[in-house]
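Heads up, the thing below is written out as structure tokens.
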Amino acid sequence: MLQKKVLLTEDEMPRQWYNILPDMPNGMLPPLHPGTGQPVGPDDLAPIFPMNLIEQEVSPQRWIDIPEPVLEKYAYYRPSPLGRAYSLEQFLQTPAKIYFKNEGVSPAGSHKPNTAIPQAYYNKIFGTKRIATETGAGQWGSAMSFAGALFDLEVKVYMVRISFDQKPYRRLMMNTWGATCVPSPSPDTNAGRKILEQNPDSPGSLGIAISEAVEDAVTTPDSKYALGSVLNHVMLHQTIIGLEAQKQMEKIGEYPDIVIGCAGGGSNFAGLALPYILDKIHGKQVQVIAVEPASCPTMTRGPFVYDFGDTAQTTPLMPMHSLGHAFIPAPIHAGGLRYHGMAPIVSQLIMDKMIEPRAVFQLETFAAGVAWARTEGFIPAPETNHALAAVIQEAKKCKEEGKAKTILVNWSGHGLVDLMAYNAYFEGKLFDYEMPDDEIQQALMALENFPKCPVR
Ligand SMILES: Cc1ncc(COP(=O)(O)O)c(C=O)c1O
């Protein structure tokens, strides 16, 4: 019998996360205070995040110990399996070997608990009682609600309106774990009220929901804000994915030629890719591909600029690929990929030519998801389908070129709560959207007077 999965025991789970900051080939630009234009210090972030997470955000330490209580909670679902997609390979008639790291096995159904658990833990020991956060597709909100339940923290989630309407089961998952979930824009914050006054039917965006959650956290006693992607400490926590994958592939004597992940804010992609980028920095040949929707082409068409992380301009200015903080993406079903910016670490590594960004269209992503489900069984999340579309592109290229490359993909989450999106696809109701150039230029005008990222 062919070996379908490579498993690690709980004892073999990595005990440290990998922090790429000290290894960045050209360093990192600092986040800037929007008022002074100066780099933000830990104190500027203190109203929003607990100091122990702020320390991780800027840590120069390469390896950071995973606390025992976090390991215990990780063990609910980690180590996650590494699978080999033999049936998809056969279906595609490709000589490529396709491996997938299955992050859909967590209670929330995606990679998001890998950072929700440590964020809840660090908040708990800091003394936080309540977390305010936002969610796009609902994956992060569910993960934070699950982690809040594990560490006895109250959680309030601002969920992007379009996803709130499309995915009622996500809200119910959050409620089941004891959290409150409201559609964003909401009447609960100044930021939300302002948007609703201008457009009562606003579909919302991650940028708006972040503004609401940050405002909530800084105006409510004993509350902090938690972000499910983009920030350095989130990328750090997610490296458990790539570190496990390296151990698993080593067990079977494999090393990937190509590493692929979808990227919304960049966290699942970075979680798998960063340990391989460390190898690449040390001379290993590995192609690393980050995949985004053509309708929200942050990495492929957004410039590397200083921009706000949210619509109401409450966050520091971050150096990132961005379509402008006011950008509201088309209502595609991959809600977790509808974000105007990209993690500064991922953005800088694109500038450093370590990562290759790629955009794919919605219909191709659903075709890939359906092909996956009909061969490999697991039904992928619409976000994950973006990575799978690129896997199929690469596997077909291998067939054309007669090359047996080894492809490793981050299977970031299951789509069991996204079946209405599949239904819309089956009924022919989904379309390919491509951002017109003039709309991108229009959205970027808001950044004209912002500090510029020096080219290095
Ligand atoms: C299953 C899944 N994959 C990917 C993403 C994209 O987020 P990130 O780029 O931070 O991994 C999301 C976000 O909600 C998600 O739910």
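Numbering of ligands and ligand atoms starts at 1, following listing order. This structure is a prediction, so every number in the text was calculated from the model and none was measured. All residue numbers in this chain count up from 1 along the given sequence.
For His111, a nitrogen or oxygen atom sits less than 3.5 Å from a nitrogen or oxygen atom of ligand 1, counting backbone and side chain alike. Taking any N or O of Thr384, backbone or side chain, none lies under 3.5 Å from an N or O belonging to ligand 1. Considering backbone and side-chain N/O of Gly228, none are found under 3.5 Å from N/O of ligand 1. Residue contacts with ligand 1: Gly265 is placed with a nitrogen or oxygen under 3.5 Å of a nitrogen or oxygen of the ligand (distance criterion only).
Side-chain polar atoms of Glu134 and Tyr225 form a donor-acceptor pair below 3.5 angstrom. Side chains of Ser80 and Glu103: a donor-acceptor N/O pair is present below 3.5 angstrom, by distance only. For the residue pair Gln393 and Glu364, a side-chain donor N or O sits within less than 3.5 Å of a side-chain acceptor on the partner. For Ser211 and Thr314, the side-chain atoms include no donor-acceptor pair closer than 3.5 Å. For the 3.5 Å distance criterion, the side chains of Asn52 and Tyr121 fail to qualify, holding no donor opposite an acceptor.
Under a 4.0 Å criterion applied to the non-hydrogen atoms of Gly266, ligand 1 contributes the atoms 8 (P), 9 (O), 10 (O). Counting the atoms of ligand 1 from 1 in the order shown, those under 4.0 Å from a heavy atom of Leu337 are 6 (C). Per-residue contacts place Cys262 under 4.0 angstrom from the following atoms of ligand 1 (heavy atoms of the residue considered): 3 (N), 4 (C). Within ligand 1, the atoms closer than 4.0 Å to a non-hydrogen atom of Ser267 are 8 (P), 9 (O), 10 (O), 11 (O), numbered from 1 in the order shown. Listed by number with element, the atoms of ligand 1 under 4.0 Å from a non-hydrogen atom of Ser229 are 8 (P), 10 (O). For ligand 1, the atoms sitting less than 4.0 Å from at least one non-hydrogen atom of Ala263 are 9 (O), numbered in the order shown with element in parentheses. Of all atoms in ligand 1, numbered sequentially from 1 with element shown, those under 4.0 Å from a heavy atom of Ser412 are 1 (C), 2 (C), 3 (N), 4 (C).
Looking at Val234 against ligand 1, nothing comes within 4.0 Å, counting heavy atoms.
The two residues Met235 and Ala343 have their closest heavy-atom pair at CE-CB, 3.6 Å.
Ligand 1 has no atom lying under 4.0 Å from any heavy atom of Ala137. Residue contact check for ligand 1: Glu103 places no non-hydrogen atom closer than 4.0 Å to it. In this structure, His414 has no heavy atom closer than 4.0 Å to ligand 1.
Distances from atom 13 (C) of ligand 1 to the heavy atoms of Lys112, Gln139, Arg338, Gln238 show the closest one on Lys112.
Here the heavy atom of the protein found nearest to atom 4 (C) of ligand 1 is Asn268 ND2, 3.4 Å.
Centroid-to-centroid, the aromatic rings of Phe308 and Phe450 come within less than 6.0 Å.
Taking the ring centre of Phe151 as origin, the terminal cationic atom of Lys73 falls inside the region bounded by 6.0 Å and 45° from the ring axis. A cation-pi contact links Lys284 to Tyr255, judged by a cut-off of 6.0 Å to the six-membered ring centre and 45° from its axis.
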List the steps and the verdict of side chain to side chain contact (heavy atoms under 4.5 Å, CB included) for Tyr306 and Leu29.
CA-CA 10 Å; Tyr306 269 111; Leu29 295 170; 3.5 Å; yes

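Using a cutoff of 4.0 Å between basic side-chain nitrogens and carboxylate oxygens, Glu394 and Arg358 are scored as salt-bridged.
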